[in-house]
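Here's the structure, in structure tokens; my notes come after.
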Amino acid sequence: MTEIQQTPTPAPAPTLATVTLLPTARPADETADTAVLDSARQVLTDLTGPAPLAPVEKVDLDAFDDAPLLPAWMRSPEGWAAYAGVFYRARRRGFRRWVRRQPTDRGHVHQFGRGARRTHEWVVGFEGVRVQGAAHTAHVLTREARAAARSARFTPRILGSKKDLAMKTADKLQKEAEAAVALHKKARKDRNRARNLRAAVVYGPPLAAIGGGFAASGWLGAVVGMLATFAGGAFAGRKPYEEEADWSADWRSLGDGDRMTAPMLDQCFRAAKVIGADETLKVVQMPMLDARGAWSTVIDLPPGIPAKKAMRAVDELAAAFGVEEAQVSVSKRGRSGRIELYVSRDLPFTDKAKPGPLLALEAPANFWGPISIGPDVRGLPISISVVERSGLIGGEPGAGKSASGNTVLLAGALDPRVLLVLADGKGGGDLEPFEHLCECFEGDADPEAFYKLLLDEVAYMKRRYALLKRLGKRKVTEELANKYPELSQRLIWVDELMFYTTDEEYGKKITKLLRNLVSRGRAAGILTFCATQKPGSDVVDTSLRDLLSIRWALRCTTPEASDTILGKGAAAAGYSAKTVQAEMRGAGYLWAEGQNPVMVRADYYTDEQVNELLERATEWRRAAGTLPTGPLSLGDQLRALRDDDANILAALVDAFEIRSETAGEELDWLPGSVLLAALTASGLDVTAEKLGALVVRTDEEKKAKRAWEGSRVSGYRLDRVTATITAQYGLTA
């Protein structure tokens, strides 16, 4: 037993302070007196003299066993607050560590996923391999038994031993087949029994916990049961997969939902043979997700490797990333060795198209400015300028050429200053809604009529250049066109060009005139756009195709077909319209401005929206005074000449039209008296001799008489009148 003795000191000394020991376990035979120990010394000032030390009670320290000695200040409010603060900070740090652990493979969600996978794999087991093998054997033996039975049945009995041998073989194979089928049934039965047993072991307790909790405490009990199930699954998957055991780790990719990282980029570019096995990429802009869930990054290739090598390997990169080729976009960024990589999460341009921007117009469009074409793979709007340009749109049937062409046609129609000249080689009515807005329209797919239309356009172009020469100008500008309406932009649109250029009689002539318009018409404000299927040299002569500066390649069946639109070598450089999937209707590579083609989907307008926009265009053109009045009739053309004979012939043409409407059928002949009466009613004093001298007839026509209102009289044929008009004035109906 240890004792504390009093030590006397002769000099004055400070009074000893005492600290109360907290009550702890002590022997039962002792009282509840508080033990006093020397725990601190407090120096007292203003001592007047020596003070004797207070006697200290002897304390048996062994009575407290090994219980810790807590100072008295710990029992104060400040002490307990300090102790509680330590606990709070420790729990907060622990919570932060828990949150940081969740995205890792040791997070509870990942643990539960691993546990669910492991338990499911255990439930499935390996019996399925035996069932598949038994099924394959049963199928093979069944086919052999069926063939042997057929052979035995058709073997003639006259052959004797051969018939018996065939029968024995058939019986043997039949027994083997029946045994194989029975074995397959048994294997399948055993597999199902084993799986059901393991499934009851694995899935029974969670279902019982959730169902029992719901029956006992409602939804609260069900939630508790689900939390217990989650805890059990997380416990089963607490151990992460080892690298050797995770067989899928070598081929995980973006298509599997992985994140794009720098090591993944190196691995994919090596697999695509863009960089060597020992080379690495330099990440300029770290991979990041955009609002559409697509990955984008900017990287520098190793020295000596140009960007076009990566652009040519889009197919290989897509395979390495585990996505479709159309989901990968590679473009040069600033310099030869730097590329921008964009990998969309889903196949682009398969969602529903948003309303086109033209629907939001509240005022006429400006065809001199940029024209909205549609969004690119990133969802950014793409606009182009068609001033002094010409274009070619190509693609296989059903690729969306008509809908894509509407982006340019509607923009031109909504600008009242633009003069439209349309030719529909399809003859299917796609351009028919635009007819009332056109200066010239050929909708019958008639090569001869289109050839004559082009002749008029070439003559019109020459008159424009003559006006520019008088004005001392080199080309048409927006200010000049606004000042001189006869120099307004003129849009020539040719749909299904192949039908016109492949015509035996007019094909080469049409190609020559189009080449003249494309090469010379740009400065005169004449814009030419052509749409066709594969525009090969047999369809569009290369001398014409190479002059069309805006190229839009929609879905094509081969890279060669894409090159005929975009130009030779575009597919090898990574720009092939063959990569456009059938679901990506209206999408294609647009090569208009910039160094490289861009994947774009055209703004889509339904038939109802097209009609709505054309109604606005009609109102705006009527208000601006540029709505075409339509082609003049033959009579109006004659009266416009302001010639006496032309007025007489115009009255004759009107008389035929009026009489035909009254009779309800087309009349090709009228009596001379009827024509003279019509001339008199028109205020023209014409005798029979003057009419006969103007419209010359043969002797047979003069003597020929037809029945008219109960009598037979002579008259004039309509074709003789029109022949006279053509001979004298060169006009036709």
Side-chain angles (χ1 to χ4, degrees), residues 388-392 409 412 418-427 431-432 434-470 475-476 485-532 535 539-548 628-634 636-638 640-641 722-723 725-733:
E388 299 185 25
R389 309 290 293 276
S390 54
L392 173 64
L409 272 176
V418 178
L419 308 177
L420 299 179
V421 178
L422 274 58
D424 189 359
K426 187 187 302 182
L431 301 180
E432 187 175 354
F434 295 84
E435 183 176 1
H436 68 285
L437 303 177
C438 298
E439 298 291 325
C440 301
F441 183 81
E442 200 291 297
D444 298 328
D446 185 357
E448 181 180 1
F450 183 57
Y451 171 69
K452 294 179 180 178
L453 183 149
L454 291 179
L455 287 175
D456 295 339
E457 292 302 316
V458 171
Y460 181 77
M461 178 183 65
K462 293 179 179 179
R463 293 196 296 270
R464 282 196 169 207
Y465 273 115
L467 178 57
L468 286 174
K469 188 175 181 180
R470 290 197 302 270
K475 61 181 181 180
V476 176
E486 55 267 39
L487 294 178
S488 298
Q489 283 180 314
R490 195 173 186 88
L491 175 61
I492 301 177
W493 185 274
V494 185
D495 196 9
E496 293 300 339
L497 177 65
M498 177 183 65
F499 181 81
Y500 294 118
T501 56
T502 56
D503 185 75
E504 294 182 358
E505 182 177 358
Y506 294 98
K508 293 184 178 179
K509 299 178 181 178
I510 289 174
T511 299
K512 183 178 179 180
L513 291 175
L514 279 174
R515 184 169 59 244
N516 189 3
L517 285 171
V518 172
S519 61
R520 300 176 54 206
R522 296 183 300 112
I526 299 177
L527 316 175
T528 305
F529 277 80
C530 303
T532 185
V539 175
V540 184
D541 191 86
T542 56
S543 60
L544 170 61
R545 187 181 63 195
D546 295 342
L547 294 175
L548 301 171
T629 57
L632 296 177
S633 64
L634 184 58
D636 292 337
Q637 296 180 52
L638 289 168
L641 298 176
T722 56
I725 295 172
T726 303
Q728 289 193 19
Y729 303 105
L731 300 177
T732 58

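Leu491 has its side chain within reach of Leu409: a pair of non-hydrogen atoms, C-beta onward, lies under 4.5 Å apart.
Electrostatic pairing of Glu486 and Arg463 does not count as a salt bridge here, judged by no charged N lying under 4.0 Å from a carboxylate O.
Residue Leu431 holds its CG atom at 10.5 Å from CD of Glu442, rounded to the nearest 0.5 Å. Rounded to the nearest 0.5 Å, atoms CZ (Arg522) and CG (Leu527) are 10.0 Å apart. Taking CG of Leu547 as the reference point, atom CG of Leu517 lies at 11.5 Å (rounded to 0.5 Å). Here Lys508 contributes atom NZ and Asp503 contributes atom CG; the two are 12.0 Å apart, rounded to the nearest 0.5 Å. Here the CD1 atom belonging to Ile492 is positioned 7.5 Å from the CG atom belonging to Leu453, to the nearest 0.5 angstrom. Note that CE of Met461 and CG of Asp456 are 12.5 Å apart. Values are rounded to the nearest 0.5 Å.
Closest approach of Ser543 to Arg515, counting heavy atoms only: OG-NH1, 3.0 Å. Scanning both residues, Cys530 and Thr528, for their nearest heavy atoms gives SG-CG2, 4.2 Å. The heavy-atom pair separating Asp446 from Tyr500 by the smallest distance is O-CE2, 3.9 Å. Ala445 approaches Gly425 most closely through the heavy-atom pair CB-O, 3.4 Å. Residues Ala524 and Leu468 come closest through the heavy atom pair CA-CD1, 4.4 Å. In terms of heavy-atom proximity, Ala523 sits nearest to Tyr465 at CB-OH, 3.5 Å.
Scanning for side chain to side chain contact (heavy atoms under 4.5 Å, CB included) contacts around Glu432 gives Glu435, with sequence neighbours left out. Among residues two or more places apart in sequence or in another chain, the salt bridge (charged side-chain N to carboxylate O under 4.0 Å, His left out) test is passed with Lys426 by Asp430. Contacts of Thr726 classified as side chain to side chain contact (heavy atoms under 4.5 Å, CB included), with partners at least two apart in sequence or in another chain: Thr732. With sequence neighbours left out, the salt bridge (charged side-chain N to carboxylate O under 4.0 Å, His left out) criterion links Glu496 to no other residue. Ser390 is linked by a side chain to side chain contact (heavy atoms under 4.5 Å, CB included) to Val518, Leu548, Ser549, counting only residues two or more places apart in sequence or in another chain. For Lys462, the salt bridge (charged side-chain N to carboxylate O under 4.0 Å, His left out) test picks out no residue, with sequence neighbours left out.
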Side chain to side chain contact (heavy atoms under 4.5 Å, CB included) between Leu638 and Ile725, worked out: CA-CA 8 Å; Leu638 289 168; Ile725 295 172; 3.6 Å; yes
Stepwise side chain to side chain contact (heavy atoms under 4.5 Å, CB included) check, Leu514 with Leu497: CA-CA 11 Å; Leu514 279 174; Leu497 177 65; 3.5 Å; yes
Side chain to side chain contact (heavy atoms under 4.5 Å, CB included) evaluation trace for Leu467 with Arg464: CA-CA 5 Å; Leu467 178 57; Arg464 282 196 169 207; 5.7 Å; no
Steps toward side chain to side chain contact (heavy atoms under 4.5 Å, CB included) verdict (Lys452, Cys440): CA-CA 11 Å; Lys452 294 179 180 178; Cys440 301; over 6 Å; no
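Without hydrogens or angle criteria, Tyr451 side chain to Glu505 main chain gives no donor-acceptor distance under 3.5 Å.
Aromatic ring orientation, Phe529 versus Trp493: parallel (interplanar angle below 30°, classes split at 30° and 60°).
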